[in-house]
Undergrad: 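Take a look at the following structure, please.
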Amino acid sequence: MTNLVLFGPPGAGKGTQAEFLKEKYNLVHISTGDVFRFNIKNETALGMLAKSYIDKGALVPDQVTIDMLNAEVEKNADANGFIFDGFPRTNAQADALDKLMDSKDSQINAMIALEVDDEVLVKRLLERGKTSGRADDADEAVIRNRIKVYYNETAILKDYYTAQDKYFGVDGVGSIEDITVRLSSVIDNL
Ligand SMILES: Nc1ncnc2c1ncn2[C@@H]1O[C@H](COP(=O)(O)OP(=O)(O)O)[C@@H](O)[C@H]1O
């Protein structure tokens, strides 16, 4: 199995790149943001709970997110491997992911981070907000809070995976195709 964590701040382009990489490498793409939005749309209990955090640009509590992620992985027992997008976002989530991979006699092969400057992120997210229908993209204060939460709670995961020699940073500015090439060259060398 090849299991990748696609990493980077909100608006870095994880979802866009995951769409290409999942086809190219035959992996199952799990985006925690997408699963939450699906639940919000369908007005499930999980969706209602998640919405109260997402609308503020805060993280959904770890245990809720971890349980959901475990369930998504279990739904895809035959997968060749996974691209995790938006997970892990905290140390507790990274520990839970290691345990989950262990239980499948597998492991995370790499965390690949898309590196993009903050002001570029804000611009991209405001632009996306015009068409995405995502409330959390429409409000600059919420966007800035998401970026702040990223630096306060999520960015430390770079150290977590660096300590295991699994962190790879990629320049996330350029054409979509160029960035796919950069990511692919990391994956091909794993
Ligand atoms: N792993 C996670 N842990 C906690 N909350 C999460 C997680 N993944 C997604 N969320 C919630 O869903 C929101 C949207 O996630 P996502 O679509 O990945 O957005 P972004 O564009 O901010 O990367 C986040 O701001 C957060 O509230």
Side-chain angles (χ1 to χ4, degrees), residues 3-23 27-77 79 81-97 99-101 108 111-114 116 118 120-157 172 176:
N3 300 299
L4 307 172
V5 173
L6 205 51
F7 194 65
K14 302 182 292 287
T16 303
Q17 293 298 331
E19 288 303 310
F20 292 102
L21 297 176
K22 73 172 188 191
E23 298 298 335
L27 302 172
V28 172
H29 172 212
I30 299 181
S31 158
T32 44
D34 285 351
V35 180
F36 284 135
R37 282 186 286 278
F38 177 84
N39 277 277
I40 292 171
K41 206 171 119 220
N42 290 291
E43 299 184 345
T44 68
L46 172 64
M48 294 304 97
L49 175 70
K51 187 177 181 341
S52 62
Y53 295 92
I54 292 176
D55 283 351
K56 290 184 263 182
L59 294 182
V60 178
D62 278 332
Q63 202 52 54
V64 174
T65 308
I66 289 166
D67 290 348
M68 180 191 87
L69 190 280
N70 285 347
E72 289 298 313
V73 168
E74 293 309 331
K75 276 187 208 163
N76 291 282
F82 294 91
I83 300 176
F84 297 103
D85 159 8
F87 189 96
R89 265 174 150 101
T90 63
N91 263 316
Q93 293 181 16
D95 283 333
L97 185 57
K99 289 205 181 80
L100 178 65
M101 291 292 110
I108 295 296
M111 164 182 270
I112 313 179
L114 289 168
V116 179
D118 292 356
V120 177
L121 297 173
V122 174
K123 250 173 69 191
R124 283 187 187 177
L125 290 168
L126 283 170
E127 200 50 45
R128 184 170 80 183
K130 292 180 190 165
T131 54
S132 69
R134 282 179 55 170
D136 62 343
D137 285 344
D139 180 332
E140 184 163 343
V142 173
I143 289 175
R144 291 202 181 270
N145 195 45
R146 283 155 61 200
I147 294 173
K148 196 176 102 198
V149 168
Y150 173 79
Y151 286 110
N152 289 345
E153 300 186 47
T154 304
I156 37 150
L157 293 180
I176 290 175

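The structure displayed is predicted, hence computed values, not measured ones.
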Undergrad: Between Asn39 and Val35, is there a donor-acceptor pair closer than 3.5 Å when you use the side chain of the first and the backbone of the second?
TA: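 It does hold such a pair.
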Undergrad: So, the side chain of Asp137 versus the backbone of Leu126: is there a donor-acceptor pair under 3.5 Å, distance only?
TA: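 Not confirmed, Asp137 side chain does not pair with Leu126 backbone.
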Undergrad: Counting N and O atoms only, with roles assigned by atom type, does the side chain of Arg146 sit under 3.5 Å from a partner on the main chain of Asp136, one being a donor and the other an acceptor?
TA: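 Here the side-chain-to-backbone pair exists.
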Undergrad: Between atom NZ of Lys51 and atom OG1 of Thr44, what is the distance when rounded to the nearest 0.5 Å?
TA: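 If I round to the nearest 0.5 Å, the distance is 12.5 Å.
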Undergrad: Kindly compute the distance separating CG (Asp95) from CD1 (Ile66), expressed to the nearest 0.5 Å.
TA: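 It is 8.5 Å, given to the nearest 0.5 Å.
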Undergrad: Identify whether the distance between the nearest side-chain nitrogen and carboxylate oxygen of Glu127 and Arg124 falls below 4.0 Å.
TA: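 Arg124 and Glu127: not salt-bridged.
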Undergrad: Checking Asp139 side chain against Ala141 main chain: does a donor-acceptor pair fall under 3.5 Å?
TA: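 Checked: pair present.
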Undergrad: Report yes if some heavy atom in the side chain of Leu121 is under 4.5 Å from a heavy atom in the side chain of Asp118; otherwise report no.
TA: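 The answer is yes, as the side chains (C-beta and beyond) meet within the 4.5 Å cut-off.
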Undergrad: Step by step, work out the side-chain contact (heavy atoms from CB on, under 4.5 Å) result for Phe84 and Val73.
TA: CA-CA 10 Å; Phe84 297 103; Val73 168; 3.8 Å; yes
Undergrad: Kindly compute the distance separating CG (Asp55) from CZ (Arg134), expressed to the nearest 0.5 Å.
TA: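 Interatomic distance, Asp55 CG to Arg134 CZ, rounded to 0.5 Å: 11.0 Å.
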Undergrad: State the NZ-CG distance between Lys14 and Leu21, to the nearest 0.5 angstrom.
TA: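 Between Lys14 NZ and Leu21 CG, I get 13.5 Å after rounding to 0.5 Å.
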Undergrad: When you measure from the centre of the six-membered ring of Tyr53, is the NZ or CZ of Lys56 under 6.0 Å away and within 45° of the axis?
TA: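 The answer is yes, since Lys56 meets both limits relative to Tyr53.
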Undergrad: With side-chain hydrogen bond (donor to acceptor under 3.5 Å, both in side chains) as the criterion, how do Glu72 and Asn76 come out once you've worked through the C-alpha distance, each side chain's angles and the decisive distance to 0.1 Å?
TA: CA-CA 7 Å; Glu72 289 298 313; Asn76 291 282; 5.0 Å; no
Undergrad: Give a yes or no on whether the backbone of Ile83 and the side-chain of Lys22 come within a donor-acceptor separation of less than 3.5 Å.
TA: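 Side chain of Lys22 to backbone of Ile83: no pair is present.
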Undergrad: Please report the closest heavy-atom contact between Phe7 and Met111, naming both atoms and the distance.
TA: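 Taking Phe7 first and Met111 second, the nearest heavy atoms are CD1-CE, 3.3 Å.
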Undergrad: What is the minimum heavy-atom distance between Met101 and Asn3, and which atoms define it?
TA: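 Closest pair (atom of Met101, atom of Asn3, distance): SD-ND2, 3.5 Å.
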Undergrad: Can a donor-acceptor pair be found, under 3.5 Å and without considering hydrogens, that links the side chain of Thr32 to the backbone of Gly86?
TA: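 Side chain of Thr32 to backbone of Gly86, a donor-acceptor pair under 3.5 Å: yes, one is there.
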Undergrad: So, Gln17 side chain and Gly13 main chain: donor-acceptor pair closer than 3.5 Å or not?
TA: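 Not confirmed, Gln17 side chain does not pair with Gly13 backbone.
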Undergrad: With Glu140 as reference, evaluate Asn145, Val122, Leu125 under the side chain to side chain contact (heavy atoms under 4.5 Å, CB included) test and give the passing residue.
TA: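 Only match with Glu140 under side chain to side chain contact (heavy atoms under 4.5 Å, CB included): Val122.
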Undergrad: Show the numbers, then the answer: is there a side-chain contact (heavy atoms from CB on, under 4.5 Å) between Val64 and Leu49?
TA: CA-CA 9 Å; Val64 174; Leu49 175 70; 3.7 Å; yes
Undergrad: Between Thr154 and Arg89, which heavy-atom pair has the shortest distance, and what is it?
TA: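 Nearest pair, atom of Thr154 first, then Arg89: OG1-O, 2.7 Å.
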Undergrad: Search all heavy atoms of Pro10 against all heavy atoms of Tyr150 and return the closest pair with its distance.
TA: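 Looks like CD-CB, 4.0 Å.
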Undergrad: Minimum heavy-atom separation for Gly15 to Asp85, with atom names?
TA: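 For Gly15 versus Asp85, the nearest heavy atoms are CA-OD2, 3.5 Å.
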Undergrad: Any chance you could lay out the side-chain contact (heavy atoms from CB on, under 4.5 Å) test for Leu4 and Ile108, step after step, and finish with the verdict?
TA: CA-CA 6 Å; Leu4 307 172; Ile108 295 296; over 6 Å; no
Undergrad: Taking all non-hydrogen atoms of both residues, which atom of Met48 and which atom of Ile40 are closest, and how far apart?
TA: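 In this case the closest contact between Met48 and Ile40 is CE-O, 3.9 Å.
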Undergrad: Evaluate Glu19 against His29 for side-chain contact (heavy atoms from CB on, under 4.5 Å), listing each step before the verdict.
TA: CA-CA 8 Å; Glu19 288 303 310; His29 172 212; 3.5 Å; yes
Undergrad: Which value, rounded to the nearest 0.5 Å, describes the distance between Lys41 atom NZ and Asp34 atom CG?
TA: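 Those atoms lie 11.0 Å apart.
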Undergrad: Would the Phe87 and Phe82 ring centres measure less than 6.0 Å apart?
TA: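 That pair fails the under 6.0 Å test.
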Undergrad: As an exercise, state the distance from OG1 of Thr90 to CG of Asp62, rounded to the nearest 0.5 Å.
TA: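 Nearest 0.5 Å value for the OG1-CG distance: 3.5 Å.
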Undergrad: Are the side chains of Ile176 and Thr16 in touch, meaning some heavy atoms are under 4.5 Å apart?
TA: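 Heavy-atom side-chain distance check passes, below 4.5 Å.
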Undergrad: For Tyr151, look at atom OH and say whether over 12 heavy atoms of other residues, nucleotides or ligands are found less than 6.0 Å away.
TA: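 Yes, because the 6.0 Å sphere around OH of Tyr151 holds more than 12 heavy atoms from other groups.
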